[in-house]
2 protein chains.
Amino acid sequence: MEISIAVSALSAIAQESRLEIFRYLVQAGKNGVPAGKIAERLDLPASTLSFHLNQLKQAGLLTCRRESRTLFYSANYDSMNDLVAYLMENCCQGQEENCDLSIACVPEEKKK
Amino acid sequence: MEISIAVSALSAIAQESRLEIFRYLVQAGKNGVPAGKIAERLDLPASTLSFHLNQLKQAGLLTCRRESRTLFYSANYDSMNDLVAYLMENCCQGQEENCDLSIACVPEEKKK
DNA sequence: TTGATATTTCCATATTTCTAAAAATATCAA
DNA sequence: TTGATATTTTTAGAAATATGGAAATATCAA
């Protein structure tokens, strides 16, 4: 991964409203949530929300699809995965003992 | 995890020099690296590096120890782990099928 | 002491980011 | 068409962040 891509993604979620939006969408699942519902849930003016959604989308962390007048936003799980992998790259230097991080170190059966 | 803590950590690494520093230290291991060596490696003026190291330290992502005139900085693996866990919290909504992220979903035998 | 090394703190300037009102766009239903 | 709904784009000022030189601090060795 290019470092500039990682910085974009991290900048996108390094802001309270956007981190809330992102986590909400990660938990909401693949089907996504209408922009209006996000605005209501986080109590944000439409234009402010739209600005933040755009930042997240530009960073590749969200996708959206239109259904009539409604735009459904959803988290891009692959991007999140790549970002996390980039952060943790080589954290164990080949030594398992360094890697009792509970999240890092992908088990073999999960690797693609 | 408090969202403000997560935002601090993400803001700290959402900047190219700091992300380079952090990844370098993650890969360098628990023993850490002298500030001077980091400055040389990343070709940064001492004061600029010091500013960035402080941001990372304030965010809880680095620790440092002094050894005579030298300050050794090292990555805080636990913070990184907690941050990643926070991002991915509930990403599967209980359904394994959503979680073919190669990194997420901690295998039972790795949980503390 | 003194001088050298390693690093941080202070400071001013330059740049980026955040916010939300107002205006614009897209879509639908009558 | 027209009016209503859902959302984005534009805009501009306020706030936050990045940069690096100069000065300050901490430590060591002679």
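Just so we're on the same page: letters track the sequence lines, and every chain starts at 1.
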K.L.:
Can you name the closest pair of heavy atoms from B/L19 and B/I13 and give their distance?
P.N.:
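Heavy atoms only, the tightest pair is CB-O, 3.5 Å.
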K.L.:
Quick check on the hydrophobic clustering: are A/I5 and A/L83 connected, directly or via other members, by side-chain heavy-atom contacts under 4.5 Å?
P.N.:
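The answer is yes; both residues are in one hydrophobic cluster.
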K.L.:
Which ones in residues 40-53 of chain A lie close to DNA chain C, meaning a heavy atom under 4.0 Å from one of its atoms?
P.N.:
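Result for residues 40-53 of chain A: A/P45, A/S47, A/T48, A/F51, A/H52, sorted by number.
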K.L.:
Would you check if A/N76 and A/L62 make a side-chain contact, meaning some heavy-atom pair closer than 4.5 Å?
P.N.:
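A side-chain contact under 4.5 Å is absent here.
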K.L.:
Take atom NZ of B/K57 and atom P of C/dT7, then tell me their distance rounded to the nearest Å.
P.N.:
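To the nearest whole Å, that distance equals 13 Å.
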K.L.:
Could you give the CG-to-P distance, from A/L71 to D/dT5, as a whole number of Å?
P.N.:
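To the nearest whole Å, that distance equals 17 Å.
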K.L.:
Is there a continuous path of hydrophobic side-chain contacts, each under 4.5 Å between heavy atoms, that joins A/L71 to A/F51?
P.N.:
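Looking at the clustering, A/F51 is in a separate group from A/L71.
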K.L.:
Near DNA chain C, which residues from residues 7-25 of chain B have a heavy atom under 4.0 Å away?
P.N.:
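Here the set is empty: none.
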K.L.:
Which nucleotide, in any strand shown, forms a Watson-Crick or G-U wobble pair with C/dC18, with both distances under 3.5 Å?
P.N.:
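Because both required distances fall under 3.5 Å, C/dC18 counts as paired with D/dG13.
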K.L.:
Mind calculating the distance between CZ (A/R69) and C1' (D/dG3) to the nearest angstrom?
P.N.:
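About 11 Å, once rounded to whole Å.
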K.L.:
Using a heavy-atom cut-off of 4.0 Å across all strands, would you classify B/F72 as base, sugar-phosphate, or nothing?
P.N.:
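Here B/F72 touches no strand at all.
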K.L.:
What is the distance from CD of B/E67 to P of C/dT7, rounded to the nearest Å?
P.N.:
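Those two atoms, CD and P, are 11 Å apart.
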K.L.:
Measure across A/G29 and A/S74 and return the closest heavy-atom pair with its distance rounded to 0.1 Å.
P.N.:
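The pair with the smallest heavy-atom distance is O-CB, 4.2 Å.
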K.L.:
What is the separation between atom CD on B/Q55 and atom P on D/dA16, rounded to the nearest whole Å?
P.N.:
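Roughly 14 Å, once rounded to whole Å.
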K.L.:
Check this for me, if you would: do A/R65 and A/E67 make a salt bridge, where the nitrogen-to-carboxylate-oxygen distance has to be below 4.0 angstrom?
P.N.:
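The answer is yes: the pair qualifies as a salt bridge.
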K.L.:
Just name whichever nucleotide pairs with D/dA4, Watson-Crick or G-U, keeping both distances under 3.5 Å, else none.
P.N.:
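In the structure as shown, D/dA4 has C/dT27 as its Watson-Crick or wobble partner.
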